[in-house]
Protein chains: 2
Amino acid sequence: MKNVAGVKKMGTRQHDAETTDLTCGIRIIHEDTVDRVKGDLPDRTVTGELAAFFKLFGDPTRICILWALSKAEMCVCDLCALLGMKQSAVSQQLKILRQSRIVKNRRDGKVIYYSLDDSHIEGVLKLGMNHILEEEL
Amino acid sequence: MKNVAGVKKMGTRQHDAETTDLTCGIRIIHEDTVDRVKGDLPDRTVTGELAAFFKLFGDPTRICILWALSKAEMCVCDLCALLGMKQSAVSQQLKILRQSRIVKNRRDGKVIYYSLDDSHIEGVLKLGMNHILEEEL
DNA sequence: TCAATATATTATCATTGATTAATATGAAAA
DNA sequence: TTTTCATATTAATCAATGATAATATATTGA
């Protein structure tokens, strides 16, 4: 005998609110908590954008690029030299960062200089660094 | 005629320091800048850990989980209901977060409750959210 | 105009990552 | 002790990602 949607179980159970969610077919133990948190949870679009934003920092190469640009404006080939990577690889990552509007560039003749284009980037890097350093303890 | 390593080009060029890096075989235009920034750049290990840390935030499901846990301690099936996802999917992500020590859990009978295990997590989420919101303008 | 050079782009390949279904574990209730 | 239930784990699948090589674009100088 299954406990179908909407049917509450009787008994000495300490958790009162208990239902089955049709979405994922699983028992909800704390319906009140779920409802409350669901109200606080940002829109799907927003959480997606948040994830996309952090994904930018989720690659060692991009971390190095962003860190470097937080220290100085640099051109592509200098970044290649700094990172010891192929030019196309660096350009790829710069493209991603550019499209996400967290770096910008300017042209001076043949050379294209990159720099940070967002005030939050350094803060994010530093916050992450704090985490890493405290983790070492 | 190629400009081999160590041979500097003469002329009216405004950039003085110019060499070729053996690592990636590319011309370095601003050697001084590269050297200076290289000194500031964290260790490979650290940048890798930083990227790994941010990668945790680089998935919408994990963002939602972390956001939810910043609002309340929750059990797995409640998270499933909240996110409308399969239990194994949620457990998978919880495992990742657990192994990275940014969430912790406690057992109460059959139910396992999860909560944040790092003081920085909320700060990171909020910083990211600020970025998203300002971007909307 | 032609050659050199800095950067961008494209196609490809190997790797990683997220979700699902199926199964296992472990605790409590019957 | 047997069943139920919450969660964990495993394996399979499919999509996304990052590096490379090759090629294209664009700017400068001869």
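Just so it is clear, the structure is predicted and the values come from calculations on it, not from any experiment. Labels below follow one simple rule: chain letters A, B, ... track the order of the sequence lines, proteins then strands, and each chain is numbered from 1.
- Place B/Arg98 and A/Gly58 on DNA chain D by their nearest nucleotides, and B/Arg98 ends up nearer the 5' end.
- Atoms CG (A/Leu97) and C1' (D/dG18) sit 13 Å apart, rounded to a whole Å.
- With D/dT7, C/dT5, D/dA8 as the choices, the nucleotide that has an atom nearest any side-chain atom of B/Cys75 turns out to be D/dT7.
- Backbone-only engagement by B/Gln93 is indicated by non-hydrogen atom pairs under 4.0 Å involving sugar-phosphate atoms exclusively.
- Nearest nucleotide to the B/Ile29 side chain, out of C/dA8, C/dA6, D/dT9: C/dA6.
- For the pair A/Phe57 CZ and D/dG18 C1', the computed distance is 18 Å after rounding to whole Å.
- Distance A/Asp78 CG to C/dA6 P: 10 Å, rounded to the nearest Å.
- Under the 3.5 Å distance criterion, with hydrogens and angles disregarded, a donor-acceptor pair is assigned to the side chains of A/His131 and B/Asp118.
- Distance CE (B/Met85) to C1' (C/dG17): 13 Å, rounded to an integer number of Å.
- A sub-4.0 Å separation between OP1 or OP2 of C/dA18 and a side-chain N or O of B/Thr61 is absent.
- At the phosphate of C/dA18, OP1 or OP2 sits under 4.0 Å from a side-chain N or O atom of B/Arg62.
- No side-chain donor-acceptor contact under 3.5 Å links A/Thr45 and A/Glu49.
- In this model, the phosphate group of C/dA21 is approached by a side-chain N or O of B/Lys86 to a distance below 4.0 Å at OP1 or OP2.
- Side-chain atoms of A/Lys55 lie closest to D/dT17 of the nucleotides C/dT7, D/dA6, D/dT17.
- Atoms CD (B/Gln92) and P (D/dT13) sit 16 Å apart, rounded to a whole Å.
- Look at B/Tyr114 and you won't find any side-chain N or O under 4.0 angstrom from OP1 or OP2 of D/dA6.
- Minimum atom distance to the side chain of B/Ser88 is reached by C/dA22, of the listed C/dA6, C/dA22, D/dT17.
- The distance from atom NZ of B/Lys126 to atom CD1 of B/Ile121, rounded to the nearest 0.5 Å, is 13.0 Å.
- When rounded to the nearest whole Å, the span between NZ of A/Lys110 and C1' of C/dA3 equals 10 Å.
- Taken to the nearest 0.5 Å, the CZ atom of B/Arg62 stands 13.5 Å off from the CG atom of B/Leu69.
- Closest to the side chain of A/Asn105, from the set C/dT9, C/dA8, D/dT27, is C/dA8.
- Distance CD (B/Gln87) to P (C/dT20): 12 Å, rounded to an integer number of Å.
- Under the side-chain hydrogen bond (donor to acceptor under 3.5 Å, both in side chains) criterion, A/Arg106 pairs with A/Glu73, sequence neighbours left out.
- In this structure, CG of A/Asp108 is placed 11 Å from P of C/dT7, rounded to the nearest angstrom.
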